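Along the sequence shown, the residues carry numbers beginning at 1. Please read these numbers as outputs of a predicted model, since none were measured by experiment.
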Amino acid sequence: MANFAIPDLRVKSILKWVAVFSGFAVLNMLLLCANCFTDGIWVVRNFTYAFLLFSILWLGNGFLGTLLNRVVTWVDNPGKRFLITIVSTTLFSAVAILLVNWVYIVLLNGLSAELLLSMRFRWTMLTQLLVTFFITLSVYAVSFLRSWREAAVKAERFQKENALSQYEALKNQVNPHFLFNSLNALTSLVHPSPDLAVKFIKQLSEVYRYVLDSQHKEVVALEEELAFAQRYVFLQQIRHADGLQVTLPEKVPTGYFLPPLALQMLLENAIKHNKILANEPLHIQVTMEGNTLRVENNLQPKTQHELPSGLGLANIQARYQMLTNRKMEVASTDTSFIVCLPLLTFQ
């Protein structure tokens, strides 16, 4: 969240802000003594004084706000951030005002620094501090409200994307083709393998349960998603037999999370868009590499397949954008297709 508009390192930006601060300095001189512009020395001294005062206070508080954003944000802990902002802004502004007034009195006018203790300069510096304080609070208030609004919009977008993913997953599971294939697979198991048929029914019910239970969650634990993926793969392997070979991690450390159904959507995309034959098996390998979940499959695209819904990779990426700055990585070679999902941690 940006608190102050501050210049970047481009020449055009620097010149723009020099012009802005110069304008404030000239305005300040006009308010102080419009008839004094005939005195060249007075103009130089007071212009330098006002320019330093405006630029140091504005830029200093701007960079201070940017630094504080890295420590504690307004959205995460507004009370703590407010107290830190009050203290740090007051201390910095007081020191900056004292320093600029010392430069004005001692360096620009050649007078004694004891003038800073006079009632006139104490009231002047106190007024400058109060004005700076209220301007800074106003800037932070506007920035806080803007950030709060952006967070609300972001949360609403995340709920929408999450709902779309749940809808797509549920739609695929109740898709007539999926049900038809599942029932065919179940029929083929009833007589020769009744125990396997019972397991198939149980796994099928667990697949539906997980889809429904996760629809209101922003993230799920990695071990839960892998357990669900194992059930989903079991159903698919009953249908495709040796044509589908999937390797999943047997054990993963706790404390890692990802968007619900993200892994399942990748497995489903690979199965949907590639040939699966006993003599040309589809290999899908899921591995954990550091804080990333890597999903790789060999490429053997179908000559004809149903058109993608557009919710797959784009939906997963959109949900990650609302959870983290880390991006999902997608790579494709002549022989394989790879997706790396960032694994999230929360303290």
Say whether, by atom type as modelled, one donor and one acceptor occur between the side chain of [X] and the main chain of [Y] under 3.5 angstrom.
X: T66; Y: G62; value: yes
X: K302; Y: K272; value: yes
X: R319; Y: P260; value: yes
X: R326; Y: L343; value: yes

[atom2] on [Y] to [atom1] on [X], rounded to 0.5 Å:
X: E280; Y: N274; atom1: CD; atom2: CG; value: 11.0 Å
X: Y256; Y: T345; atom1: OH; atom2: OG1; value: 7.0 Å
X: F346; Y: L323; atom1: CZ; atom2: CG; value: 6.0 Å
X: I97; Y: M125; atom1: CD1; atom2: CE; value: 8.5 Å
X: I86; Y: T136; atom1: CD1; atom2: OG1; value: 9.0 Å
X: L53; Y: N101; atom1: CG; atom2: CG; value: 7.0 Å

Beyond-backbone contact of [X] with [Y], side-chain heavy atoms, under 4.5 angstrom:
X: Q128; Y: V100; result: no
X: H283; Y: V246; result: no
X: E289; Y: T287; result: yes
X: R231; Y: Q236; result: no
X: I316; Y: L266; result: yes
X: F92; Y: N61; result: yes
X: Y320; Y: L258; result: yes
X: F133; Y: S93; result: no

To check you understand the geometry: which heavy-atom pair defines the closest contact between [X] and [Y], and what is its length?
X: E223; Y: P253; result: OE1-O, 4.3 Å
X: H240; Y: I271; result: NE2-CG2, 4.0 Å
X: L129; Y: A94; result: CD1-N, 3.8 Å
X: L57; Y: A96; result: CD2-CB, 3.9 Å
X: Q230; Y: L248; result: OE1-CD1, 3.4 Å
X: A270; Y: L282; result: O-CD2, 3.5 Å

(request) Look at E296 together with R294 and state whether they make a salt bridge at an N to O cut-off of under 4.0 Å. (result)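 Salt bridge flag = yes for R294 with E296.
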
Can [Y] be reached from [X] by stepping across I, L, V, M, F, W or Y side chains whose heavy atoms are under 4.5 Å apart?
X: L99; Y: F63; result: no
X: I41; Y: V103; result: no
X: V95; Y: L126; result: no
X: Y104; Y: L107; result: yes
X: V44; Y: F54; result: no

(message) Could you tell me if Q237 and D242 have a donor-acceptor pair between their side chains, going purely by distance under 3.5 Å?
(response)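 Side chains of D242 and Q237: no pair found under 3.5 Å.
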
(message) With no hydrogens and no angle check, just 3.5 Å: does a side-chain donor-acceptor pair link Y210 and E225?
(response)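 Their side chains do contain a donor-acceptor pair, which is all the 3.5 Å distance test asks for.
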
(request) Would you check, one step at a time, whether the test side-chain contact (heavy atoms from CB on, under 4.5 Å) holds for Y232 with L267? (result) CA-CA 9 Å; Y232 176 78; L267 296 174; 4.2 Å; yes

For residues 331-340, tabulate all N or O donor-acceptor pairs below 3.5 Å that involve a side-chain atom, not counting sequence neighbours.
from : atom 1 : to   : atom 2 : distance (Å)
T333 : OG1    : T335 : N      : 3.3
T333 : OG1    : S336 : N      : 3.0
T333 : OG1    : S336 : O      : 3.4
T333 : OG1    : S336 : OG     : 3.0

(request) Quick one: do T247 and I284 satisfy side-chain contact (heavy atoms from CB on, under 4.5 Å)? Show the steps, please. (result) CA-CA 6 Å; T247 303; I284 305 176; over 6 Å; no

(request) Go through the steps for N297 and Q285 under the test side-chain contact (heavy atoms from CB on, under 4.5 Å), then give the verdict. (result) CA-CA 6 Å; N297 65 270; Q285 186 172 19; over 6 Å; no

(request) Show your reasoning for whether side-chain contact (heavy atoms from CB on, under 4.5 Å) applies to V330 and Q317. (result) CA-CA 10 Å; V330 180; Q317 182 63 61; 6.0 Å; no

